[in-house]
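Read through the structure below, which is laid out as structure tokens, and then see the notes.
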Number of protein chains: 2
Amino acid sequence: MKKVYKASCKEEEKFLEQYDSKAFDPIALSVDAVVLGVMKSETDNYRKLDKQILRVLLVKREEYPYKGFYSLPGGFVGKCETMEDTLSRTLEAKTGLKKIYSEQLYTFGEVNRDPRMRIVSCAYISLLDEGKTQVSGAKWFDLNEIEQMRLAFDHKEIINEALKRLRGKINYTNIVFHMMPQQFTISELQEVYEIILGEKLLAPAFRRTIAGKIVDTGKMTGNAGHRPSRLFKALEM
Amino acid sequence: MKKVYKASCKEEEKFLEQYDSKAFDPIALSVDAVVLGVMKSETDNYRKLDKQILRVLLVKREEYPYKGFYSLPGGFVGKCETMEDTLSRTLEAKTGLKKIYSEQLYTFGEVNRDPRMRIVSCAYISLLDEGKTQVSGAKWFDLNEIEQMRLAFDHKEIINEALKRLRGKINYTNIVFHMMPQQFTISELQEVYEIILGEKLLAPAFRRTIAGKIVDTGKMTGNAGHRPSRLFKALEM
DNA sequence: ACAATAGTGTCTTTCAGACATTATCCG
DNA sequence: CGGATAATGTCTGAAAGACACTATTGT
């Protein structure tokens with residue numbers, strides 16, 4: 001979708017040359033990422049399956065304002081950078097993550113959301129699977145844990161919007177597969193649905209409804225102290 | 001959600017005082033509105049119902065760039081203005097419309113979308129019913145008509161996103177009632193669904209599915225050369 | 001055998017699709 | 001009556017909810 005604009009006449013050319021881009025009120029634009037990942041937490045009983053948990057990735061602020069508080073990873077949009085560029089750049093710088101699935105969430109523009117100056121933030125949702133949850137400079141938090149914390153700026157509100165969006169989209173898109181590893185069992189997939197939706201689902205109905213979205217890899221899990229499970233992969237995303 | 005930020009200590013207070021808000025690259029933030037309305041176009045036969053049409057409201061640009069082309073109504077976000085404030089202000093200034101239902105659509109940030117300078121635009125969808133389609137300084141366009149036109153900036157792309165969003169939301173929200181007058185017949189409502197979804201629907205199924213979202217007003221249409229129709233209103237939005 | 005998870009069978013209920021039918025107005 | 005739209009009846013088939021049941025592993 002690159003298109004280079006070409007002035008239609010001399011008059012327009014002149015107009016564009018003389019245009020003063022400093023004439024507008026200084027509003028800074030930033031990008032913040034709600035990085036969500038599903039992780040396994042080991043259980044006491046070796047025969048039981050690991051419970052999966054939904055976590056958010058936060059970074060501790062080193063500077064005022066909200067120094068010492070945790071915040072979403074993000075940063076200012078450079079003059080010649082798309083917001084997606086800013087997202088990749090700041091995610092890599094602050095968390096070490098590269099090439100993560102992301103989509104735009106919402107743009108937050110309350111006038112006093114940042115005490116320094118007027119900053120409008122375009123928030124993104126980024127989704128990870130268990131295999132990519134190794135990070136540097138950032139820390140994973142349980143969602144319940146976050147409820148009790150005070151976060152920087154309006155970042156708690158942004159996280160809540162992200163969860164709402166995820167819940168809304170899980171049933172009519174294939175977004176969930178961005179949180180799954182290459183291969184997974186149906187039970188694991190169901191558990192991720194349950195975590196996101198916040199309710200238990202019935203296995204037979206679940207299997208029926210997702211049957212069209214997954215493919216059997218032919219492989220099986222094993223060595224688990226119980227019946228092995230088929231491994232599936234996502235079908236066309 | 002107003003909250004006034006209070007510096008936690010002298011050190012932070014000093015930091016905030018000395019903060020140079022001009023240090024960042026100048027990126028202008030604008031708001032653009034995709035104003036959609038359903039209008040009736042009179043038919044040849046007096047006994048036939050008026051056909052409804054979905055239209056978009058555009059304004060002709062008076063200045064470069066894209067002078068003379070049609071564009072979405074919008075404008076720059078002022079320093080002490082929320083984006084919703086900007087939306088109301090520019091909508092009223094450029095179209096005369098006040099207090100229109102609007103929701104944020106998407107934020108468009110391609111680097112060269114505006115030849116003047118870097119301008120990021122937060123787009124909104126605004127919906128009108130037939131009763132509010134009187135405008136000044138702006139013009140309504142059929143959607144097919146727009147397909148053939150060249151619009152300013154990336155505004156055609158923005159309109160297409162708006163339609164996609166509308167189509168996506170119509171089936172699991174009550175958004176459609178923002179395009180309906182206070183009272184309407186089920187046939188009118190069905191026609192709006194058909195326009196937005198781009199397909200014919202079967203009347204019995206349609207009636208069943210929307211039955212829970214509307215209330216009978218007890219009133220009827222009349223004098224139409226055919227059987228009168230019940231008038232309904234939207235239930236809780 | 002037992003604990004634990006994987007996976008299927010099937011009955012019921014709910015709901016969408018499809019088409020036919022009846023109802024009511026106006027001229 | 002005839003043209004037009006409004007509204008309902010009902011059959012069918014697909015899909016969701018619910019629950020019981022069978023299957024397979026490691027210890």
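Values below: all heavy atoms of this structure, side chains included; hydrogens, waters and symmetry mates excluded. Bear in mind the structure is a predicted one, so any value in this text is a computation, not a measurement.
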- Message: Please tell me whether Phe153(A) and Phe108(A) form a close aromatic pair, meaning their ring centres lie under 6.0 Å apart.
- Response: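 No, they do not, as the ring centres are separated by 6.0 Å or more.
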- Should Tyr66(A) and Arg150(A) count as side-chain neighbours, where that means a heavy-atom distance under 4.5 Å?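 SC-SC contact between Tyr66(A) and Arg150(A) confirmed.
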- Tell me, please, which residues at least two apart from Asp85(B) pass salt bridge (Lys or Arg N to Asp or Glu O under 4.0 Å).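 Here no residue qualifies.
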- Message: So, using salt bridge (Lys or Arg N to Asp or Glu O under 4.0 Å) as the criterion, who are the partners of Glu161(A) when residues are at least two apart?
- Response: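 For Glu161(A) the salt bridge (Lys or Arg N to Asp or Glu O under 4.0 Å) partners, ignoring immediate neighbours, are Lys164(A).
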[X] [atom1] - [N] [atom2] separation (whole Å):
X: Asn45(A); N: dT27(D); atom1: CG; atom2: P; answer: 12 Å
X: Tyr46(B); N: dA4(D); atom1: OH; atom2: P; answer: 9 Å
X: Glu188(B); N: dA7(D); atom1: CD; atom2: C1'; answer: 15 Å

- Item | Reported CG-to-CD distance for the pair Asp129(B) and Glu188(B), which is rounded to 0.5 angstrom |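 Nearest 0.5 Å value for the CG-CD distance: 11.0 Å.
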- Query: Earliest and latest nucleotide of DNA chain C, 5' to 3', sitting under 4.0 Å from a non-hydrogen atom of chain A?
  - Reply: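 Boundary nucleotides touching chain A, in 5' to 3' order, are dA3(C) to dT10(C).
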- What string of B, S and - do you get for nucleotides 10-20 of chain D, 5' to 3', when a contact is any protein heavy atom under 4.0 Å? B-----BBBB-
- Task: For Thr86(B), enumerate each residue passing the side chain to side chain contact (heavy atoms under 4.5 Å, CB included) test, keeping only those at least two apart in sequence or located in another chain.
- Result: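 Counting only residues at least two positions away or on another chain, Thr86(B) forms a side chain to side chain contact (heavy atoms under 4.5 Å, CB included) with Val31(B), Val77(B), Glu81(B), Arg89(B), Thr90(B).
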- Task: Scan residues 222-229 of chain B against DNA chain D and write down, sorted by residue number, each residue with any heavy atom closer than 4.0 Å; if none is found, say none.
- Result: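 Output list: Gly225(B), His226(B), Arg227(B), Pro228(B), Ser229(B).
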- Task: Could you tell me whether Arg230(A) contacts a base, only the sugar-phosphate backbone, or nothing, with contacts defined as non-hydrogen atoms closer than 4.0 Å?
- Result: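 Sugar-phosphate only.
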